[in-house]
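Scope of the values below: all heavy atoms of this structure, side chains included, with no hydrogens, waters or symmetry mates. The structure presented is a predicted model; accordingly, all values stated were derived computationally and were not measured.
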Amino acid sequence: MENQDDQSINQTPNIPTTETTPPSTPSTPSPAAPSPVRPTNTFDVFHWANEIDEVKNNVSVELFLFNKNYTPYRVRYSDQLTASVKALFMQEATGYIIKEADKGLECREYEKSDGEDKVIYRTLLSNVGRAETLIHLIEHESRDIDSMSDHLDEFKKIKGIIARFTYPGDAGETKTFYIAKALSASSALNGGSSWELNGQGFEPFSAEVALKMPSDNQVAIINDTVVIFNQKKFENLFQYDYKSQVIADAKAKELADKYKLSFAEGLTLNTLLQDKKPLVKKLQSLDISEEMSQDQLIDYADEMQLELMTDDDGSIIIMDDKDLTMFVNLLAEDYFVSPVNGRRYEIKSKKLLSEPEGEPPRG
């Protein structure tokens with residue numbers, strides 16, 4: 001879309017910057033999982049806001065809707081909405097940062113903060129898998145992105161909207177940033193069941209779908225940094241739970257240190273554990289160092305007649321999350337053969353009984 005001057009956006013004085021395709025074959029055994037300690041991020045959001053305020057008239061913008069699977073859809077907008085799009089997405093964010101900086105606004109690491117007043121957060125894009133995937137699709141697979149107009153029947157599955165802004169850098173390069181907002185089903189009006197008030201009376205709704213656009217600041221993505229204005233909406237929008245992920249990372253390292261695992265190409269233990277809260281919770285209850293050895297686990301799987309695969313090196317093959325679930329269930333000893341009927345069971349929940357006292361209460 002061609003750049004357009006946005007004369008309706010007021011100038012804001014500068015402020016001093018302040019630092020604040022599913023796999024099919026297994027690969028070689030995965031190296032040990034990385035440490036759960038995340039690298040720090042020193043991105044200066046105040047400098048960025050000033051930069052964008054200076055070039056706002058030379059910024060172009062594209063819009064994408066994305067669904068609950070984080071599949072993006074291209075969506076066009078009228079030239080008459082250019083100023084509104086920039087104002088709702090770009091200017092709301094940069095204006096807030098510039099205005100609140102003089103009132104003590106701070107930008108802190110998301111992983112080290114929680115819910116403080118006058119604070120926005122930042123984290124690395126690589127920490128937020130779904131956001132990273134969405135940006136990758138838009139940046140590198142744009143030719144394969146369908147138009148939303150071809151998928152209006154799936155509009156009820158839309159989770160959010162993301163605006164891609166581009167502008168020329170000082171060295172002639174094209175610079176990019178994104179602003180994302182969550183959308184709710186209640187914000188949409190269906191043309192078939194809606195009326196519009198025109199003049200003194202109702203008329204049939206003229207559009208297939210109408211959408212009330214969120215006006216609040218939620219999430220910005222600048223290069224490798226995610227800036228979080230609204231913690232709750234960010235976490236819901238990208239299904240990101242840092243505390244659970246730290247636990248998952250730590251358990252992944254313990255597992256990789258003790259067991260020889262071979263993952264399908266493109267998969268790692270860390271990525272498979274993402275958003276698998278039941279598995280992470282089960283792992284959290286286990287003392288990995290005290291659990292059965294690799295040979296014992298394989299023998300246990302054979303005894304339960306489970307299809308736990310191993311390669312020529314004896315590594316346990318993990319092709320997908322189903323294999324991972326089986327592996328974790330084996331660690332937790334959640335498979336059982338009934339001595340009464342000989343049937344196999346997966347135990348969903350079990351409680352360890354205390355040692356018996358005396359003889360059974362039978363005469």
Side-chain angles (χ1 to χ4, degrees), residues 21-36 66-71 125-137 141 157 159 235-288 291-292 294 296-298 300-302 304-311 313-336 344-350:
T21 53
S24 57
T25 57
S27 62
T28 56
S30 174
S35 165
F66 59 94
N67 64 17
K68 296 177 181 179
N69 294 323
Y70 298 89
T71 300
L125 178 59
S126 58
N127 291 343
V128 190
R130 287 185 170 88
E132 187 176 35
T133 297
L134 181 61
I135 297 302
H136 174 84
L137 291 173
E141 300 184 27
K157 299 179 182 178
K159 187 176 185 67
E235 292 170 350
N236 289 336
L237 185 59
F238 292 112
Q239 296 294 295
Y240 183 61
D241 185 336
Y242 169 70
K243 293 179 181 179
S244 293
Q245 193 57 48
V246 167
I247 294 170
D249 288 350
K251 287 298 180 180
K253 185 177 187 308
E254 290 185 59
L255 291 172
D257 287 344
K258 181 166 181 175
Y259 298 98
K260 293 170 60 179
L261 304 174
S262 177
F263 293 92
E265 185 178 355
L267 293 181
T268 67
L269 187 52
N270 297 66
T271 55
L272 281 173
L273 282 174
Q274 283 184 5
D275 309 312
K276 303 293 190 303
K277 290 185 178 181
L279 282 187
V280 174
K281 185 177 180 180
K282 184 174 291 188
L283 284 172
Q284 191 177 4
S285 67
L286 300 177
D287 185 346
I288 303 301
E291 298 303 328
M292 69 184 81
Q294 178 134 347
Q296 289 174 322
L297 189 142
I298 293 172
Y300 177 34
D302 290 343
M304 294 295 110
Q305 301 179 40
L306 299 172
E307 296 180 357
L308 185 74
M309 299 181 293
T310 57
D311 62 17
D313 295 328
S315 298
I316 296 171
I317 297 173
I318 307 292
M319 296 291 295
D320 51 31
D321 55 355
K322 292 182 179 179
D323 287 342
L324 179 62
T325 299
M326 182 196 303
F327 172 69
V328 174
N329 285 346
L330 285 166
L331 275 179
E333 300 179 45
D334 282 352
Y335 297 107
F336 173 73
R344 297 179 301 152
Y345 294 93
E346 178 183 339
I347 305 169
K348 295 295 185 181
S349 177
K350 61 179 183 282

Apply side chain to side chain donor-acceptor pair (under 3.5 Å) to D287 and list each qualifying residue two or more places apart in sequence or on a separate chain.
S289

Is a side-chain donor or acceptor of K258 paired with a backbone partner of E291 at a separation under 3.5 angstrom?
yes

Across all chains, not counting sequence neighbours, the side chain to side chain donor-acceptor pair (under 3.5 Å) partners of Y335 are N329

Nearest heavy-atom pair of Y240 and N127: which atoms, and what distance?
CE1-O, 3.1 Å

Worked verdict on F263 versus T268 for side-chain contact (heavy atoms from CB on, under 4.5 Å):
CA-CA 6 Å; F263 293 92; T268 67; 5.8 Å; no

Run the side-chain contact (heavy atoms from CB on, under 4.5 Å) check on L283 and I288 step by step: do they pass?
CA-CA 8 Å; L283 284 172; I288 303 301; 4.2 Å; yes

Once you round to the nearest 0.5 Å, how far does CD of Q239 lie from NZ of K159?
4.5 Å

Heavy-atom check, side chain of D334 versus side chain of K282, under 4.5 Å:
yes

I317 side, atom CD1; D311 side, atom CG - distance, nearest 0.5 Å:
5.0 Å

Answer yes or no: is there a side-chain heavy-atom contact under 4.5 Å between L330 and I298?
no

Taking the side chain as C-beta and beyond, is there a heavy-atom pair between T71 and L137 under 4.5 Å?
no

To the nearest 0.5 Å, what is the distance between NE2 (H136) and CD (E141)?
4.5 Å

Between A264 and M319 the two heavy atoms that sit nearest each other are CB-O, 3.8 Å

Checking N67 side chain against N69 main chain: does a donor-acceptor pair fall under 3.5 Å?
yes

Whether F327 and Y259 hold their rings parallel, tilted or perpendicular, with breakpoints at 30° and 60°
perpendicular

Quick test of your reading of the model: are K253 and D257 salt-bridged, counting only N-O distances below 4.0 Å?
yes

Would a 4.5 Å heavy-atom cut-off, applied to side chains only, mark L297 and I316 as touching?
yes

Residue pair F238 / V128, side-chain heavy-atom distance below 4.5 Å:
yes

Nearest 0.5 angstrom please: T133 OG1 to Y70 OH, how far?
10.0 Å

Heavy-atom pair with the smallest gap, counting every atom of A248 and V280:
CB-CG2, 3.8 Å

Report the C-alpha separation of D321 and L279 in whole Å, then their side-chain angles, then the decisive distance to 0.1 Å, and conclude whether the side-chain contact (heavy atoms from CB on, under 4.5 Å) test is met.
CA-CA 10 Å; D321 55 355; L279 282 187; 6.0 Å; no

For A256 and L269 the tightest heavy-atom approach is N-CD2, 4.5 Å

If I take atom OG1 from residue T310 and atom CG from residue D302, how far apart are they, to the nearest 0.5 angstrom?
8.0 Å

Just do the side-chain contact (heavy atoms from CB on, under 4.5 Å) check on R344 and L306 with the steps written out, would you?
CA-CA 10 Å; R344 297 179 301 152; L306 299 172; 3.9 Å; yes

CE/M304 to CD/E333 distance, rounded to the nearest 0.5 angstrom?
10.0 Å

Donor-acceptor pair, distance only, cut-off 3.5 Å: does the side chain of K260 make one with the backbone of D313?
yes

Answer yes or no: does atom CD of E307 have more than 12 heavy-atom neighbours from other residues, nucleotides or ligands under 6.0 Å?
no

For Y345, give me all partners under side chain to side chain donor-acceptor pair (under 3.5 Å), at least two apart in sequence or on another chain.
N341

Heavy-atom distance under 4.5 Å between the side chains of D323 and M309, does that happen here?
yes

